[in-house]
Novice: 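Please read through the structure below; I'll follow up with questions.
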Amino acid sequence: MAQQESLERLTALTRPHKGMINIMPLQTGSILTEAARRAVEVFADGYSVCDFCQGRLSEIVNPPVKQFVQELLPEFLGCDVATLTYGARDGVFMVLHSLAKPGDVVVVDGNRHYSTAVAAERAGVELVEVPASAGPEYTIDVDAFAEPLRSRRPALVILTYPDGRFGNLPDAAGLGRIASEAGVPYLVNGAYAVGRMPVKMSDLGADFLVGSGHKSMASAGPSGVLGMKAKWRDVVLRPSTQHKNKEVECLGCTIRGVTLATLMASFPEVRERVNRWDEQVAKAQWFSSAMEGLGFVQLGEKPHRHDLMRFECTKLYEISQRVRERGYYLYKAFEDRGIWGIKPGQTKNLELSTFAASREQLEKVISAFSEILTQYR
Ligand SMILES: *Cc1c(COP(=O)(O)O)cnc(C)c1O
């Protein structure tokens, strides 16, 4: 009986936040475009992306994977060679694993994502972190990389640009100059940059640029992109000795089916939207000021330069200490108002993204915060 019920739930899946204002950091950059929604239907037949595959994903002409991977992506990323991955973390791991030997050192910023640490652990390399400044800014000073790059002789240096917690954008081009001077290969983790804001690997002086399809490129995912300089092609994309068409580092092939189809179908729109980044930044700064006007503290860089933001909301936390629903009151209050993105139970530190919502919608978000503060005063 119980099993029958749960099976029915599976076959009648619903989207709980359909039609709501969306400020959830994980979702705002990956909401599918109309073209991608059509692609879901078109590529619903298993691995139909592979109907005309001759053995290499990046050579498939129909659908035009070859053009996407060999022409459009390199131009978009500002790199020589691009490849498809299962996500940003896979791109980071592929590079780590092909450039570093177990026991080697890799230098990274203190705002790194957990997946960078896990990738390093899987590759058996030691991660040396350049710490962020104290709060509330938590900034990364790239000049502090010079010393470890010199003294620790790392196999790779990784910069998180921006980090996923505060949305801080360190001086990536500055680190490019430092890494180049030290002769250390340089990877920029742009999981929250590629597909949202203009970012070119060549402008940053990087050897590698990683993006995430399901974070920032309107793909159903999991999917990702990895761009690199030509000189790394034979290292990172080296073929298997037994199967010349198959690359070792990605176990022969990566994303197929709906994940790839949606990534490609959204690409024309994604490529355009990065040109409107100035409007995104202006919107984020306006939102941050309005939040601070309510007494919340925006953590991270100010003025902020990214749609991803973290707020310290002591007043909301204090309310949670005296209401019956405890921390869940906030989630409920926002859900009742048609706003999606407050994590159930969270009140003290809120991570929000203004990328997908219009100004009018964000005004409703601000009003919601204001009403809640008044209601529980
Ligand atoms: C989410 C995230 C990742 C991992 O991205 P996936 O595409 O899910 O692998 C890596 N780095 C940062 C900064 C992230 O926010």
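One-based numbering, in listed order, for ligands and for the atoms of each.
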Novice: Could you check, using the six-membered ring where one of them is a Trp, whether Y138 and F166 have ring centers closer than 6.0 angstrom?
Specialist: yes

Novice: Kindly assign one of parallel, tilted or perpendicular to the pair W340 and H17, based on the angle between their ring planes and the thresholds 30° and 60°.
Specialist: parallel

Novice: Would you call R38 and E41 a salt bridge, taking side-chain N to carboxylate O under 4.0 Å as the test?
Specialist: no

Novice: For ligand 1 and S115, I'd like to know whether there is a polar contact (N/O to N/O, distance under 3.5 Å).
Specialist: no

Novice: Looking only at the side chains, is there a donor atom on one of T85 and T254 sitting less than 3.5 Å from an acceptor on the other?
Specialist: no

Novice: With a cut-off of 6.0 Å (strictly less than), are more than 12 heavy atoms of other residues, nucleotides or ligands near NZ of K302?
Specialist: yes

Novice: Just jot down the ligand 1 atoms closer than 4.0 angstrom to any heavy atom of T160, in number order.
Specialist: 13 (C)

Novice: Salt-bridge test for E249 and R238: reply yes if a basic N is under 4.0 Å from a carboxylate O, no otherwise.
Specialist: yes

Novice: Among protein heavy atoms, which sits nearest to atom 11 (N) of ligand 1, and what does the distance come to when rounded to 0.1 Å?
Specialist: N189 ND2, 2.9 Å

Novice: Going by the atom numbers of ligand 1, which of them fall below 4.0 Å from some non-hydrogen atom of G87?
Specialist: 7 (O), 9 (O)

Novice: As an exercise, identify every atom of ligand 1 less than 4.0 angstrom from a heavy atom of Y192.
Specialist: 15 (O)

Novice: So which heavy atom in the protein is nearest atom 9 (O) of ligand 1, and how far is it from that ligand atom?
Specialist: R89 NE, 2.7 Å

Novice: Would N111 and T160 count as having a side-chain donor-acceptor pair, cut-off 3.5 Å?
Specialist: no

Novice: If you measure from atom 8 (O) of ligand 1 to every heavy atom of K215, M217, H214, which option wins on shortest distance?
Specialist: H214

Novice: Residue-level breakdown please: for H113 versus ligand 1, do any non-hydrogen atoms fall below 4.0 Å on the side chain, on the backbone, on both, or on neither?
Specialist: side chain

Novice: Who's the nearest protein heavy-atom neighbour of atom 5 (O) of ligand 1, and how far?
Specialist: A88 CB, 3.4 Å

